[in-house]
Amino acid sequence: MAYWLMKSEPDETSFDDVLAAPGRTVSWFGVRNYQARNFMRDAMSVGDGVLFYHSSCAVPGVAGIAEVASGPYPDATQFDPSSPYHDPKATSAHPRWISVDVRAVEGGRYLTLAEMRSVPALGDMVLLQKGSRLSVSPVTAGQWNAIVALLREGQR
DNA sequence: GCCAACGTTGGC
DNA sequence: GCCAACGTTGGC
């Protein structure tokens, strides 16, 4: 079992939006970076743990725990000329970008990026490296356990 | 809104 | 295949 951190802009899709979605599941579309795509296509498995991260917002941080709920399939928005994620070089015969389904598992308190930076056990996280801007990044088991413990602090 | 860092594009 | 120019990301 592997662990991942996936970034979403909460104005577009927040963790609460996923909790409210049918089956608590959404399609993760719009990834347009090859490294992030390759993680999703080649390394993710159904059941992998996902830290749901809110980016490009007033207070970035981890909003909850989710899981990978499907294998990879073509991202429909790449074929849609009216979508901001449209890719004119992608065809249905040769799709370039993929999606996976993500299911919300558990909320928690909001763990801010600033707090994550203060936790020594998280110092090696890909997310926290200088210049890192991958929208999908791997998380080690140790990092995962530390973050899950922090998310559960003060929760009933 | 700024800007550092990174990724992509395209001329050569 | 190099690399300058440009575009994007994302925290602050």
Side-chain angles (χ1 to χ4, degrees), chain A residues 2-21 26-44 48-68 72-140 142-144 146-151 153-154:
Chain A
Y3 303 99
W4 308 95
L5 182 140
M6 299 175 80
K7 297 181 183 176
S8 181
E9 299 189 13
D11 289 346
E12 190 158 352
T13 307
S14 70
F15 187 70
D16 284 344
D17 291 336
V18 185
L19 282 173
V26 298
S27 178
W28 202 274
F29 60 88
V31 170
R32 293 295 180 270
N33 169 280
Y34 289 105
Q35 200 176 348
R37 179 203 67 181
N38 293 348
F39 282 136
M40 292 201 300
R41 185 188 62 190
D42 304 332
M44 274 187 182
D48 279 358
V50 172
L51 300 171
F52 195 105
Y53 180 85
H54 286 178
S55 72
S56 292
C57 55
V59 184
V62 174
I65 298 167
E67 66 181 1
V68 177
Y73 55 89
D75 178 342
T77 62
Q78 69 191 306
F79 309 125
D80 178 359
S82 69
S83 167
Y85 298 112
H86 179 237
D87 184 342
K89 293 179 180 171
T91 64
S92 51
H94 296 283
R96 178 176 293 193
W97 306 110
I98 59 125
S99 293
V100 298
D101 288 346
V102 171
R103 178 186 303 124
V105 172
E106 176 183 341
R109 73 185 180 91
Y110 191 74
L111 178 61
T112 68
L113 175 63
E115 181 175 354
M116 293 170 75
R117 289 197 187 282
S118 76
V119 177
L122 303 181
D124 290 335
M125 279 191 79
V126 173
L127 174 77
L128 303 183
Q129 302 313 303
K130 182 173 181 174
S132 172
R133 52 185 221 198
L134 270 177
S135 60
V136 177
S137 59
V139 172
T140 68
Q143 292 159 0
W144 171 269
I147 289 171
V148 169
L150 290 166
L151 288 170
E153 271 181 9

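Order of the sequence lines fixes the chain letters, A, B, ..., with proteins taken first and strands second; residue numbering starts at 1 for each chain.
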Undergrad: Using five base pairs at each end to define the local axes, how bent is the helix from B:dG1-C:dC12 to B:dC12-C:dG1, to the nearest 10°?
TA: 10°
Undergrad: Which of residues 114-133 of chain A have a heavy atom under 4.0 Å from DNA chain B?
TA: A:K130, A:G131, A:R133
Undergrad: Looking only at atom types and distance, does a side-chain atom of A:Q129 sit under 3.5 Å from a main-chain N or O of A:M125, one as donor and one as acceptor?
TA: yes
Undergrad: Is the A:F52 to A:W4 ring centre distance short of 6.0 Å?
TA: no
Undergrad: Tell me yes or no: between the side chains of A:Y73 and A:D101, is some donor less than 3.5 Å from an acceptor?
TA: yes
Undergrad: Below 6.0 angstrom between ring centroids: does that apply to A:W97 and A:Y34?
TA: yes
Undergrad: Do you know which two heavy atoms are closest between A:A36 and A:V31, and how far apart they sit?
TA: CB-CG1, 3.7 Å
Undergrad: Say whether A:R37 and A:S135, considering side chains only, have a donor N or O and an acceptor N or O under 3.5 Å apart.
TA: no
Undergrad: Cut-off 3.5 Å, side chains only: do A:D17 and A:S14 have a donor facing an acceptor?
TA: yes
Undergrad: Ignoring hydrogens, what is the shortest heavy-atom contact between A:M40 and A:I98? Give both atom names and the distance.
TA: CE-O, 3.4 Å
Undergrad: Can you give the first and last nucleotides of DNA chain C, 5' to 3', that have an atom under 4.0 Å from a heavy atom of chain A?
TA: C:dG7 to C:dC12
Undergrad: Taking atom CG of A:N38 as the centre, does the number of heavy atoms from other residues, nucleotides or ligands within less than 6.0 Å exceed 12?
TA: yes
Undergrad: Could you report the tightest heavy-atom contact between A:L5 and A:V139, atom names first, then the distance?
TA: N-CG2, 3.6 Å
